[in-house]
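Below, all heavy atoms of this structure are taken into account, side chains as well, without hydrogens, waters or symmetry copies. Since the structure is predicted, the reported quantities are computational estimates derived from the model, not experimental observations.
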Amino acid sequence: MSDHDDEFEAHDDDLAERLADVDDDLAEQRAAALRSGLDDYELDEEDLDLLELSEEGEDGVHYLPALPVIAIVGRPNVGKSALVNRILGRREAVVEDTPGVTRDRVSYKGEWLDRRFTLVDTGGWEPDAKGIDASVAAQAEVAIDLSDVVLFVVDATVGATSTDEHVVRLLRKTKKPVFLVANKVDDARQEPEAAALWNLGLGEPHPVSALHGRGVADLLESVFKVLPEVSAVAKQEIGGPRRVAIVGRPNVGKSSLLNKTAREERVVVNELAGTTRDPVDEQIELAGKVWRFVDTAGIRRRVHLQQGADFYASLRTQAALEKAEVAIVVLDVSQPISEQDVRIIDLVLESGRALVLAYNKWDLLDDDRRRYLEREIEQDLHHVAWAPRVNISARTGRHLEKLVPALETALESWDTRIPTGKFNAFLTELTQEHPHPVRGGKQPRILFGTQVSTRPPTFVLFTTGFLDPGYRRFIQRRLREIYGFEGSPIVVNMRVREKRQRR
């Protein structure tokens with residue numbers, strides 16, 4: 001915890017009681033007054049959209065429309081990030097003449113001719129002969145799986161390589177629209193080089209110059225003819241069995257957990273780490289309820305390709321998480337909590353999924369190890385102290401039934417919505433008791449707050465100035481103290497707005 005966090009640690013035990021006494025109608029009236037006060041401030045179109053989206057739906061839960069997803073794939077140094085910047089119209093992705101600068105899938109929000117979309121830049125491939133095929137395959141598969149349209153970028157000045165052909169084999173299997181982008185065609189004299197890419201068998205190459213912008217508008221015009229208004233892959237699914245991803249590092253017992261809950265040898269279990277390579281879906285009945293479990297490959301470490309293997313496995317885990325609603329992170333209590341364990345938990349947080357921590361192999365625990373374990377949990381996992389914890393043995397089936405109430409609690413929190421009136425009453429009480437410290441002679445104020453979505457609960461604060469990260473964490477802690485949110489991450493975003501100039 002930082003020094004700034006200490007400033008906001010004073011507790012007011014009766015805040016929850018005072019909020020409970022607030023009349024709902026009165027709270028809504030006050031919130032409406034605060035909302036009308038925003039008219040005095042400069043608001044852009046996105047602000048107005050957020051305020052409109054925050055209106056509560058009939059079922060008490062509001063779902064943001066899922067923007068269509070365009071993924072850009074290709075081998076290193078073909079100009080993927082340069083194309084991202086050109087499409088976005090701003091310099092967002094790092095561009096360098098070194099292969100492998102982009103190491104993660106990064107999503108950006110874009111707009112073209114009033115059409116909004118999500119653009120995914122991919123990268124992170126290890127330029128290692130032994131590992132590149134696996135890394136390329138993983139990267140392409142995940143990008144394809146989680147997109148509505150794929151842009152496959154090839155360097156027209158180099159031509160098709162064996163790596164390109166490897167990705168093409170994957171692209172041919174997909175039913176999604178794929179556009180072959182022949183990059184680095186800076187003038188008409190180079191267009192014959194682009195035409196040579198017909199041989200890849202993906203249809204007509206689209207010659208572009210990401211650096212100069214040549215041909216990019218024509219490419220986008222073709223893309224937007226087939227791009228859906230709402231994403232078919234990123235949309236919120238409602239109904240059916242709740243989807244649970246089982247994640248964790250190798251050999252912690254993920255597959256054993258799936259087998260025990262399925263009551264059959266559904267997946268291979270072996271002491272050799274990394275037995276599971278591909279996610280396995282299984283419909284499970286547990287404690288009288290049906291769930292859809294997904295077992296995933298653990299993060300494998302190889303000495304000769306340590307970073308590449310970690311990246312490959314994290315892609316698989318991310319793909320499973322983005323299809324799931326809640327993640328069970330399995331931890332082996334017989335081993336110290338590792339950096340890999342923490343990184344996997346952070347992947348779940350970044351994905352915005354609900355979280356349950358399953359401490360496996362509890363039957364192997366002795367008193368000495370238990371003392372060390374509790375110390376490790378307090379030290380390394382304090383940032384997810386809000387996640388339900390279940391001590392289990394996947395081998396014997398011990399306490400597996402306790403997973404169900406933990407999952408239900410986490411999902412209920414993930415779906416929780418706080419009415420706008422109550423949320424603003426909470427903010428008013430909070431800021432009166434603990435106002436934001438003065439920074440540089442100014443004290444930022446919160447003008448209005450609203451919950452714009454659930455899954456996970458996402459809040460937007462309209463403010464007169466930048467709020468310290470410590471103060472935002474303080475708001476999150478108080479939200480948890482009063483409203484629970486056990487098992488769900490909370491997102492608190494901020495929109496700093498200036499007062500409208502009087503004419």
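- Residue P456 comes nearest to P489 through the heavy atom pair CB-O, 3.6 Å, listed as atom of the first residue, atom of the second, then distance.
- Taking the six-membered ring where the residue is Trp, F448 and F462 present tilted rings, their angle falling between 30° and 60°.
- Using modelled atom types, no side-chain atom of T450 and backbone atom of V452 make a donor-acceptor pair closer than 3.5 Å.
- One N or O on the side chain of D164 and one on the backbone of T161 form a donor-acceptor pair closer than 3.5 Å.
- Shown here for S413 and P457, the closest heavy-atom pair between the two residues is O-CG, 3.5 Å.
- Aromatic ring pairs are classed by plane angle as parallel below 30°, tilted from 30° to 60° and perpendicular above 60°; the pair F426 and F423 is parallel.
- Put simply, CZ on R86 and NE2 on H212 are 8.5 Å apart, with the number rounded to the nearest 0.5 Å.
- Within the 3.5 Å criterion, the main-chain N or O of L170 finds no donor-acceptor partner in the side chain of T174.
- A distance-only check finds no donor-acceptor pair linking the side chain of Q340 to the backbone of P250 [under 3.5 Å].
- Judged by distance alone, with hydrogens and angles left aside, the side-chain atoms of D148 form a donor-acceptor pair with the main-chain N or O of A232 at under 3.5 Å.
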Practice item. Under the side-chain contact (heavy atoms from CB on, under 4.5 Å) rule, what do V158 and R75 come out as? Steps first, then yes or no, please. Key: CA-CA 12 Å; V158 174; R75 63 182 179 80; 3.5 Å; yes
Practice item. Apply side-chain contact (heavy atoms from CB on, under 4.5 Å) to I345 and V348, showing your working. Key: CA-CA 5 Å; I345 289 171; V348 177; 5.6 Å; no
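- Side chains of R242 and W414 form a contact here, defined as non-hydrogen atoms less than 4.5 Å apart.
- The backbone N or O of M494 sits nowhere less than 3.5 Å from a side-chain atom of R472 that would complete a donor-acceptor pair.
- Put simply, the side chain of L407 reaches to within 4.5 Å of the side chain of W291, judged on heavy atoms.
- Annotation: side chain of L479 is in contact with side chain of F459 (closest heavy-atom distance under 4.5 Å).
- Within 6.0 Å of CZ on R445 lie no more than 12 heavy atoms contributed by other residues, nucleotides or ligands.
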Practice item. Evaluate the side-chain contact (heavy atoms from CB on, under 4.5 Å) criterion for residues Y41 and R495: first the C-alpha distance (whole Å), next the side-chain angles of each, then the deciding distance (0.1 Å), finally the verdict. Key: CA-CA 11 Å; Y41 289 80; R495 301 184 79 82; over 6 Å; no
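- Side-chain atoms of T157 do not come within 3.5 Å of backbone N or O of D155 as any donor-acceptor pair.
- Rounding to the nearest 0.5 Å gives a distance of 9.0 Å between CH2 of W112 and CZ of F117.
- Counting heavy atoms from C-beta on, the side chains of E165 and L200 come closer than 4.5 Å.
- Note on residues 185-203: pairs passing side-chain hydrogen bond (donor to acceptor under 3.5 Å, both in side chains), not counting sequence neighbours, are D186-S209, D187-R189, E191-R214.
- To the nearest 0.5 Å, atom CG of residue D468 and atom CZ of residue R473 are 9.0 Å apart.
- In this structure, V78 and N183 have side chains that are not in contact, with every pair of non-hydrogen atoms separated by 4.5 Å or more.
- In this structure the side chain of L467 reaches within 4.5 angstrom of the side chain of H436, judged on heavy atoms.
- Looking at heavy atoms from C-beta onward, V208 lies out of side-chain contact with V153 at the 4.5 angstrom threshold.
- Interatomic distance, S147 OG to I72 CD1, rounded to the nearest 0.5 Å: 11.0 Å.
- Scanning all heavy atoms of the two residues, the minimum distance from A160 to L197 falls at N-CD2, 3.8 Å.
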Exercise for review: Take K184 and L211 through the test side-chain contact (heavy atoms from CB on, under 4.5 Å) and record every step on the way to the result.
Suggested key: CA-CA 7 Å; K184 304 186 183 180; L211 189 62; over 6 Å; no
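- Rounded to the nearest 0.5 Å, atoms CD1 (I475) and CG (L427) are 6.5 Å apart.
- L88 approaches G110 most closely through the heavy-atom pair CD2-CA, 3.8 Å.
- The closest side-chain heavy-atom distance from L113 to F224 is not below 4.5 Å.
- A distance of 11.0 Å separates CD1 in I344 from CD in E339, rounded to the nearest 0.5 Å.
- Ion pairing between a basic and an acidic side chain is recognised when a charged N comes within 4.0 Å of a carboxylate O; R243 and E325 show such pairing.
- Side chain of N493 to main chain of V460: no donor-acceptor pair is present (N/O by atom type, distance under 3.5 Å, no hydrogens or angles).
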